2 protein chains.
Amino acid sequence: MIIQIGYHEGMGSQPLFEHPACLITQLDVHVQEQLIAQLAPLGIHPRHFGVLSLLIEQDGLSQHQLSAPLSVHRNVMVGLVDDMERRGLVDRQPHPTDRRAHAVRLLPAGRQLHAEAEALVSEFEAKLLGGLDAAEARAFTSLLMRVCENAGLYHDIHPGLRASSGESLSV
Amino acid sequence: MIIQIGYHEGMGSQPLFEHPACLITQLDVHVQEQLIAQLAPLGIHPRHFGVLSLLIEQDGLSQHQLSAPLSVHRNVMVGLVDDMERRGLVDRQPHPTDRRAHAVRLLPAGRQLHAEAEALVSEFEAKLLGGLDAAEARAFTSLLMRVCENAGLYHDIHPGLRASSGESLSV
DNA sequence: TATTGTTATACTCTATAACTATA
DNA sequence: TATAGTTATAGAGTATAACAATA
């Protein structure tokens, strides 16, 4: 069965790389590639940087609270925290209010590494937006944030950082 | 709604989700997820849509010419073209100027499916940018394109595909 | 010698399910 | 009953290397 959508030949088709969705996807391929390369000298993956950044914003989060906003499955988070604990960047403390959970806490080495990593990430981002002037770059970032917000991407992670709503994963 | 992140100023550390790179990554996770869901009823993956779109713009491209702009390895392209040939969306013809290569050509069913797929993709994109007014949406897409261009993402595909002036691709 | 398409193999990543200890 | 963390296993996805035909 063919579903007629009212889109017929002759209405004109949009070039692939004028589709916002395709632009975002292509850009992310590049961003991932570059972030991995930028952070490799520090021995971490962008996901480790994500964990460190969330802990800088609010220390002592549980592994589940860390995995939800990063779109990382909780099984994978185990390994990420393992890596970072092994390197002395974080440790696992008993969670103050939930004895099932661990409070992942930043250690001084983690704070230091985060600062170095963020410098590298910011340096890359400056290059990424290097074709825009300052006002355009601000506008771009602001619009990006609004699109993300509109897509409901932050509901879990903001001030509360605790609205657990099932497992949201990429397919 | 304004995004409020309770972080402490002073250490020069930027909240994770104000980093453009992180916004792009998070947004792409969402976009991929949604595109896959949107196109699933048609039995295709976003990558198939990418191939169909490139062929709409310029029919008879070789598999290598298709794989480069889509950031897909040529080994993977074999399978994608296999899928689409099996469904009667495209076929493989002898390439007119390179006897090693195949010219992948759109069949009528492929043209039809592309129209349906593009309608679904555009519908999703309208929702994605639904929080912006028309001028903001245009600005966002335009800035996205400039960032992509600045990153060197379509040096291979612009001249041949967008202009479609009959010149061969320098891939 | 390099490139196109193809296949096979090995490797990585992710998903699923199970288990425990809590809630 | 549901959830946090953990582990093991299976499956999907990806990279590497090789090959034949052609440039």
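The structure displayed is predicted, hence computed values, not measured ones. A, B, ... follow the sequence lines: proteins, then strands. Residue 1 opens every chain.
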Worksheet item: Roughly, in whole Å, what's the span from CZ in B:R92 to P in C:dG5?
Response: 9 Å
Item to complete: Quickly work out the A:E33 CD to D:dT14 C1' distance and round it to whole Å.
Response: 14 Å
Worksheet item: Are OP1 or OP2 of D:dT14 and a side-chain N or O of B:R47 less than 4.0 angstrom apart?
Response: yes
Worksheet item: Nearest-Å distance, CG (B:L61) to P (C:dG5)?
Response: 11 Å
Worksheet item: Start at the 5' end of DNA chain D and walk down; is the nucleotide closest to A:D82 or to A:D98 reached first?
Response: A:D98
Worksheet item: Would you say B:Q26's side chain and A:P69's backbone share a donor-acceptor pair under 3.5 angstrom?
Response: yes
Discussion item. I need the CG-C1' distance between B:N75 and D:dA17, as an integer number of Å.
Written reply: 10 Å
Worksheet item: Between A:Q63 and D:dT6, is there a side-chain N or O to OP1/OP2 distance below 4.0 Å?
Response: yes
Practice prompt. Establish, from distance only, whether the side-chain atoms of A:Q112 and A:E116 form a donor-acceptor pair under 3.5 Å.
Written response: yes
Worksheet item: At under 4.0 Å, does any side-chain N or O of B:R99 touch on OP1 or OP2 of D:dA20?
Response: no
Item to complete: Check for a donor-acceptor pair, side chain of B:R111 on one end and backbone N or O of B:L89 on the other, with a separation under 3.5 Å.
Response: no
Worksheet item: Can you tell me if the side-chain N/O atoms of A:H95 get under 4.0 Å from OP1 or OP2 in D:dG5?
Response: no
Item to complete: Answer yes or no: does a side-chain N or O of B:R100 lie under 4.0 Å from OP1 or OP2 of D:dC19?
Response: no
Item to complete: In plain terms, say whether A:D82 and A:R92 are close enough for a salt bridge, that is, a side-chain N and a carboxylate O under 4.0 Å apart.
Response: yes
Worksheet item: Given atom NE2 of A:H64 and atom C1' of D:dA2, what is their separation to the nearest angstrom?
Response: 12 Å
Worksheet item: Within the pair B:H73 and D:dG13, is there a side-chain N or O less than 4.0 Å away from OP1 or OP2?
Response: no
